[in-house]
J.: 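Submitted below is the structure of interest, expressed as structure tokens.
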There are 2 protein chains.
Amino acid sequence: MLADTGLQRTSRLWSTLKEVCSLLRIPDDASYGQHDTLFQHVQFKAGQRIHTIGQPFDMLYVVNSGFLKTVAIDVFGNEQVLSFPMKGDLFGVDGIHGKRYESEAVALSNCDVILLPFKKFTSIGKVHPELETAIYSVMSRELIREQAMVSMLGSLSAEARVARFLVNLSERFAEMGYSGRQFNLRMTRHEIGSYLGLTLETVSRTLSAFNEIGLITVDQRAIELKDFSALRTLRRLPPSRGRAKQLAANALAASPEGQVTAA
Amino acid sequence: MLADTGLQRTSRLWSTLKEVCSLLRIPDDASYGQHDTLFQHVQFKAGQRIHTIGQPFDMLYVVNSGFLKTVAIDVFGNEQVLSFPMKGDLFGVDGIHGKRYESEAVALSNCDVILLPFKKFTSIGKVHPELETAIYSVMSRELIREQAMVSMLGSLSAEARVARFLVNLSERFAEMGYSGRQFNLRMTRHEIGSYLGLTLETVSRTLSAFNEIGLITVDQRAIELKDFSALRTLRRLPPSRGRAKQLAANALAASPEGQVTAA
DNA sequence: CGGGAGTTTGAGGCAGCTCAAGCACCGTGG
DNA sequence: CCACGGTGCTTGAGCTGCCTCAAACTCCCG
């Protein structure tokens, strides 16, 4: 089953339905307490795969701690990062339809992941109508997330994408009880670029540019957000000194022999 | 069956569960026949809105005939086309999570749409376990579709996106029993561009380029696919349009009547 | 201390965008 | 019937944001 994809020794930790729901930010229901079903935790080390493309689907997964990425591989063999699941996120949903996972999930750090055997989970849903609705709700949430990604990739500039990425990360960290101002990236520039539809160089340059104009400070993986609201609303960077010079040079080059513009 | 793909004026007013499932391409189940619940059809004229952003959610929708678009509107008021639902497609799913629709759905042609009151629909799911699984499956399918979009927007060139768009459309038309070779686009260049993360000019130019090198013929909304497999595997057009023309000319020069000089 | 993976930065090129102009199509009203 | 206006489509020309290629630097780990 999971053995070949790097299953670590099974932890002795188990979670109740109530705990799982709380993790997933699902509205609680008193009746869940009655259920004595326990869900198993599994530990993964950085780099290990939780599931791979084409592997038969039988589980959903919820992140209890740690950081992961999910990756699609297109027809031409290119990897594309689809999401960075972290505490409270559900993944594996894309396996439901075709009975096989359509993406792969990789641990970016040591992780603690809760297994939700799909059949078992949905059968509990029949006993607890609230849970069933909640499952639909979580899947809907995932869909909305993907729609937001599509929207972002379809219309935002590189700077705006990176800015939103930082803001989203910050909010996630804050939700998890960490600082939303200072944090360490868990992924490489390459992975961020893949996620945002940019090259790693563009990501690096954009972060450096944000750093230069005081929106953030960045040192390798360490990030500090300095101007949250500017990041939030950023659409396009103001002309840099370099670009300003360039524009000024162009303007000067044009004016001497050019016509005088009427006021 | 519902195979009457004809005009809306004679369309049926109600469908059985069995018919809805068949439309959705959900594995059938004999027990559905027992259910006497009927689902209402509603007709929309081109341009009419089925639901708008922020409107309270209570229904899912299935397209019985006609063509629609779903649109997100981002923070800055920009429209972004998210999908082009057509016969057999489900939409409205993004409303489940927040109890309000996150996107709006607009009819591109006259449409016949089946209403699925969410509460009623899921409560039937409790009686028919197969149906419940099927609902999960359809939602999972939608998620996979969005993932594919993200993947496309993140990594493919303009030409590849347009080519895939045509191929996907073609396959959908074929599934619906129409010709997959010749069809009319139901959406504007602007809408296609928004969907693919391109400008309308780029869409237009790309279609013209495909036309010039013989992959398709295009005249306004009328499309004919000439080289399906080339469209399928197309990654990037030869370097520039100029050179593309050149190459096309060279290729044609090899065949008898192929003497073509660059314009 | 050496090697590999990740990051930064520069220089230059090109795909796709912007701006602009003209054409095609279609419904409406004279 | 045609004139007319509005919407959508095509095509051109120029620009630029992001990519590509390349080199050097940092950090980590054995």
Side-chain angles (χ1 to χ4, degrees), chain A residues 45-47 69 78 108-109 153-163 184-194 196-212 216-223 234-247 249-251 253-254, chain B residues 45-47 69 78 108 153-163 184-194 196-212 216-223 234-245 262-263:
Chain A
K45 286 187 186 157
K69 65 174 176 180
N78 306 316
L108 295 177
S109 66
L153 294 175
S155 65
L156 297 191
S157 68
E159 291 106 17
R161 291 183 209 180
V162 174
N184 286 313
L185 298 174
R186 313 302 164 120
M187 61 293 282
T188 67
R189 302 290 191 262
H190 181 76
E191 286 160 343
I192 297 172
S194 172
L196 297 177
L198 302 170
T199 59
L200 69 94
E201 293 97 329
T202 297
V203 173
S204 177
R205 273 188 250 274
T206 304
L207 290 174
S208 297
F210 287 173
N211 186 58
E212 239 168 300
I216 67 174
T217 62
V218 51
D219 177 43
Q220 301 283 115
R221 303 263 177 122
I223 298 280
L234 183 143
R235 265 221 250 202
R236 188 137 311 209
L237 231 42
S240 69
R241 278 206 301 280
R243 257 196 279 174
K245 275 182 194 170
Q246 195 60 36
L247 288 173
N250 293 343
Chain B
K45 288 185 186 156
K69 65 173 177 181
N78 305 317
L108 295 177
L153 293 174
S155 65
L156 297 191
S157 68
E159 292 99 12
R161 291 183 209 181
V162 173
N184 287 313
L185 299 174
R186 314 301 164 122
M187 61 293 283
T188 67
R189 302 289 191 265
H190 181 76
E191 286 161 343
I192 297 171
S194 173
L196 298 177
L198 302 171
T199 60
L200 68 94
E201 293 97 328
T202 298
V203 173
S204 178
R205 275 187 247 273
T206 304
L207 289 174
S208 296
F210 286 174
N211 185 60
E212 253 169 290
I216 66 173
T217 62
V218 51
D219 177 43
Q220 303 282 116
R221 304 264 178 119
I223 298 281
L234 184 143
R235 260 221 253 205
R236 182 140 311 207
L237 233 39
S240 75
R241 276 201 64 202
R243 261 194 277 172
K245 282 184 194 174

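By convention in this document, chain letters (A, B, ...) are assigned in the order of the sequence lines, proteins followed by strands, and residues within each chain are numbered from 1. All values below were derived from every heavy atom in this structure, side-chain atoms included, with hydrogens, water molecules and symmetry-related copies excluded.
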J.: In whole Å, what is the span from the CD atom of A:E212 to the C1' atom of C:dT9?
T.: 11 Å
J.: Once you round to the nearest 0.5 Å, how far does CD1 of B:I216 lie from OG1 of B:T206?
T.: 9.5 Å
J.: Is it true that a side-chain atom of A:R235 and a backbone atom of A:E159 form a donor plus acceptor pair closer than 3.5 Å?
T.: no
J.: Between A:R161 and A:L156 (side chain of the first, backbone of the second, donor and acceptor by atom type, cut-off under 3.5 Å), is there such a pair?
T.: yes
J.: Looking at B:V162, B:V203, B:T202, which hits side chain to side chain contact (heavy atoms under 4.5 Å, CB included) with B:I192?
T.: B:V203
J.: Check step by step if side-chain contact (heavy atoms from CB on, under 4.5 Å) holds for B:T188 and B:L200.
T.: CA-CA 8 Å; B:T188 67; B:L200 68 94; over 6 Å; no
J.: Would you check if the side chain of B:S194 reaches a backbone N or O of B:H190 as a donor-acceptor pair within less than 3.5 Å?
T.: no
J.: Rounded to whole angstroms, how far apart are CG on B:N184 and P on D:dG8?
T.: 16 Å
J.: With sugar-phosphate meaning primed atoms plus P, OP1 and OP2, does A:G197 contact a base, only sugar-phosphate, or nothing at under 4.0 Å between heavy atoms?
T.: sugar-phosphate
J.: C:dG16, OP1 or OP2 - any side-chain N/O from B:T199 closer than 4.0 Å?
T.: no
J.: Write down the protein N/O and nucleotide N/O pairs, taken from nucleotides 1-8 of chain C, whose separation is under 3.5 Å; answer none if there are no such pairs.
T.:
from  : atom 1 : to     : atom 2 : distance (Å)
C:dT7 : OP1    : A:R221 : NE     : 2.9
C:dT7 : OP2    : A:R189 : N      : 2.7
C:dT8 : OP1    : A:R189 : NH2    : 3.1
C:dT8 : OP2    : A:R189 : NE     : 2.7
C:dT8 : OP2    : A:R189 : NH2    : 3.1
C:dT8 : OP2    : A:S204 : OG     : 2.8
C:dT8 : O5'    : A:S204 : OG     : 3.4

